[in-house]
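Notes follow once the structure below has been shown.
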Amino acid sequence: MLRSLRLKDFAPEEEYVYLTYSLKNDKKEETKILLENYKVLLQKALDWLWDKTKVERREVKKSKKVFKKLKIQLPKKKEVYKTLRDELEKINVLASHYADKAISDAFSILKSWKRRAEKGQASLRKPRLKKVYVRVKSTLRKVEGKSVRITVRPYEYITFSWSNTWFSRRIKGLELGEPVIKEDKVYLPFRYKLPRTTPIDFLSVDTNLYTLDAYDGDKFVTFSIKELYSLKYGMQLKMGRIRSFASKHTKKGKELMRKYSHRERNRVLDYVHKFVNSLLEMYPLALFAVEKLDKQKMFDEANDSLSKKISRTVWRTLHRVLRYKAPLYGSFVKEVDPYLTSRSCPRCGWVSRKVGRTFRCERCGFTLDRQLNASLNIYLKMCGFPYIRDIPRVWVGVIPLKGRRRRNGAMPRDFGEVQGLRINMKYYEIL
């Protein structure tokens, strides 16, 4: 026990970010053999593990109610690994390391299915393999200059080069990870070592339909993302017309659906990447606090009109791209629980039952715009400040929000003063 607690080195561990670029697969005939044989291995491993999987239904009593709980038990990898590998080697025509990779991928598929099935989001049928791809292990690839040689069978190789690509200068000096081979493309992940930095600025972000309302410890900044919402709205209208056309013309309709769905995704990602790049250039070396949003829960609590608006948002994509690109600018992203952030008072911790466009605290009289109040509470959660609810008149807010006291001892008026600290930033201003 004591040996496991010893520190090997006092220096912090090195951190990396993977930058992934894609190449067109110009060797489809060679990779087709690899993909087809690997699919046979993966399907065999999945079938074998599925036979060893146990599914149990239990009845659980909570508050005089009986609920049916699902428990799924997967076989332990250490116990079945050797036996399963011997079974795969009997049908394997590729290099032996592909059998190891098929076992790992099969376990990954079943673990993902188990997590969704226990939540009721997936059926209890065996997961199906749709489009198979191969992630090549480091033992099966060799980098030679600006190309990578991938082993298919002993003394049989496939070589992909990135010498004449647009990203060849960006990846100079970076280390190649595990390439991913698909039918039409090859993805090359390159490892970038992060410099050790300390965040200088802090920014808490409240994500809304049309804006990102942020607080940086000194002032409020509102970033408009209405153009992104309008883009999704316009594409949804166009996709609705295409669906009605596809109901009458099946073949052409499928082609149009595929074309415009890719177009929508590319336009959204282009906007998000440009927006995030500009945001990180404004706040380098910063710690971003964002909400850990659950859209499914929002759909359950919202009416039909609000559900349609929520469906047009891309909050998760925005946060994912920000989390991916922040380390490149020396920044970090921290997720905060959004529970009661727009209904809590940042001074005394009082939770209001009803909140309109403006939040008003019934205990201390604190008044602020609801979205700005949420960004302030996210800031306090990021900094680790707890709410003090038992003792009245205990103020835990930050300095710019204390306001001015009147001589007669009444509570300060914050709304007008804080609104003066708000800065509106539009998309074209930050590009």
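Just so you know, residue 1 is the first one in the sequence shown, and it goes up from there. Everything quoted here is computed from the prediction, not taken from an experiment. What you see below is based on every heavy atom in this structure, not just the backbone, and it leaves out hydrogens, waters and symmetry mates.
- A salt bridge does not link R115 with E118: none of the charged nitrogens is closer than 4.0 Å to a carboxylate oxygen.
- The shortest heavy-atom contact between L293 and P338 is CD2-CG, 4.3 Å.
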K54 vs I72, side-chain contact (heavy atoms from CB on, under 4.5 Å): CA-CA, chis, key distance, verdict: CA-CA 6 Å; K54 297 179 182 178; I72 300 173; over 6 Å; no

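- When every heavy atom of A117 is checked against every heavy atom of L124, the shortest pair comes out as CB-CD2, 4.4 Å.
- Of the possible donor and acceptor atoms, none in the side chain of R357 sits under 3.5 Å from a partner among the backbone N and O of Q371.
- Few gaps surround CG on N266; more than 12 heavy atoms of other groups in view lie less than 6.0 Å from it.
- Put simply, OG on S104 and NZ on K77 are 3.5 Å apart, with the number rounded to the nearest 0.5 Å.
- Under the 3.5 Å distance criterion, the side-chain polar atoms of S247 are matched with a main-chain donor or acceptor of S244.
- At most 12 non-hydrogen atoms from other residues, nucleotides or ligands lie less than 6.0 angstrom from CD of E183.
- One distance of note links OG1 of T151 with CZ of R153; it measures 12.5 Å at 0.5 Å rounding.
- A donor-acceptor pair shorter than 3.5 Å cannot be found between the side chains of Y379 and D216.
- Between the side chain of T31 and the backbone N or O of K27 there is at least one donor-acceptor pair closer than 3.5 Å.
- In this structure the side chain of H273 reaches within 4.5 angstrom of the side chain of V321, judged on heavy atoms.
- For Y229, the ring pair (Phe, Tyr, Trp, His ring centres under 6.0 Å) partners are Y210, not counting sequence neighbours.
- With sequence neighbours excluded, no residue satisfies ring pair (Phe, Tyr, Trp, His ring centres under 6.0 Å) with W48.
- Within the 4.5 Å cutoff, the side chain of E255 has heavy atoms near those of the R258 side chain.
- Here the side chain of S22 pairs no donor or acceptor atom with the backbone of V186 at under 3.5 angstrom.
- Legend: ring pair (Phe, Tyr, Trp, His ring centres under 6.0 Å) pairs involving residues 236-264, not counting sequence neighbours, sorted by first then second residue: F245-H249.
- Heavy atoms from other residues, nucleotides or ligands lying under 6.0 Å from OH of Y157 number more than 12.
- Salt bridge annotation for K238-E264: absent, with no cationic side-chain nitrogen under 4.0 angstrom from a carboxylate oxygen.
- Sorted by first and then second residue, the ring pair (Phe, Tyr, Trp, His ring centres under 6.0 Å) pairs involving residues 309-345 (not counting sequence neighbours) form an empty list.
- A donor-acceptor contact under 3.5 angstrom links the side chains of D47 and Q43, judged on distance only.
- No donor-acceptor distance shorter than 3.5 angstrom exists from the side chain of S147 to the backbone of V143, with no hydrogens or angles considered.
- Taking both residues in full, the closest heavy atoms of M239 and S261 are given as SD-N, 4.2 Å, listed atom of the first, atom of the second, then distance.
- Judged by distance alone, the side chain of S161 and the main-chain N or O of K146 form a donor-acceptor pair under 3.5 Å.
- Checking side-chain atoms of T83 against main-chain N and O of V80 turns up no donor-acceptor pair under 3.5 Å.
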Starting from the C-alpha separation in whole Å, work towards a yes-or-no answer on side-chain contact (heavy atoms from CB on, under 4.5 Å) for I109 and L129. CA-CA 9 Å; I109 291 170; L129 297 179; 3.8 Å; yes

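- The existence of a salt bridge linking D270 and K274 is confirmed by a sub-4.0 Å separation between a basic side-chain nitrogen and an acidic carboxylate oxygen.
- The shortest distance between side-chain heavy atoms of L203 and L287 does not fall below 4.5 Å.
- Of the N and O atoms on the side chains of T222 and D213, at least one donor lies less than 3.5 Å from an acceptor on the other residue.
- At least one donor-acceptor pair closer than 3.5 Å links the side chain of N377 to the backbone N or O of S344.
- Atom OG1 of residue T139 and atom NZ of residue K101 lie 9.5 Å apart, to the nearest 0.5 angstrom.
- With a 4.5 Å cut-off on side-chain heavy atoms, F275 and L322 do not count as touching.
- Atoms CD1 and OG1, on I225 and T207 in that order, are 7.0 Å from each other to the nearest 0.5 Å.
- Side chain to side chain, K182 and N25 fail the donor-acceptor criterion of an N or O pair below 3.5 Å.
- Smallest separation of non-hydrogen atoms from L176 and P189: CD1-O, 3.5 Å.
- Between R343 and F359, the shortest heavy-atom contact is O-CE1, 3.2 Å.
- In this structure, R85 pairs ionically with D100, as a charged nitrogen and a carboxylate oxygen lie closer than 4.0 Å.
- Counting heavy atoms from C-beta on, the side chains of L19 and I171 never come closer than 4.5 Å.
- Sorted by first and then second residue, the pairs that involve residues 165-177 and meet side chain to side chain donor-acceptor pair (under 3.5 Å), not counting sequence neighbours, are E175-R191.
- At least one side-chain heavy atom of E291 sits less than 4.5 Å from a side-chain heavy atom of D206.
- Note that the CG atom of N208 and the CG atom of L212 stand 7.5 Å from one another [nearest 0.5 Å].
- Across K381 and K334, no two heavy atoms sit closer than the pair O-NZ, 4.3 Å.
- Note that the CD atom of Q236 and the CZ atom of R312 stand 5.0 Å from one another [nearest 0.5 Å].
- When side chains are defined from C-beta on, T313 counts as touching I310, because their heavy atoms get closer than 4.5 Å.
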Would you please test V276 and L318 for side-chain contact (heavy atoms from CB on, under 4.5 Å) and show each step? CA-CA 8 Å; V276 169; L318 199 60; 4.2 Å; yes

Is there a side-chain contact (heavy atoms from CB on, under 4.5 Å) between I150 and I181? Walk through the geometry before answering. CA-CA 10 Å; I150 295 170; I181 301 176; 3.7 Å; yes

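- At a threshold of 4.5 Å between non-hydrogen side-chain atoms, the residues S375 and F220 count as touching.
- For residues 90-146, every residue pair satisfying the ring pair (Phe, Tyr, Trp, His ring centres under 6.0 Å) rule, not counting sequence neighbours, is listed here: W50-W113.
- Environment of CZ in R263: crowded, with over 12 heavy atoms of neighbouring residues, nucleotides or ligands closer than 6.0 Å.
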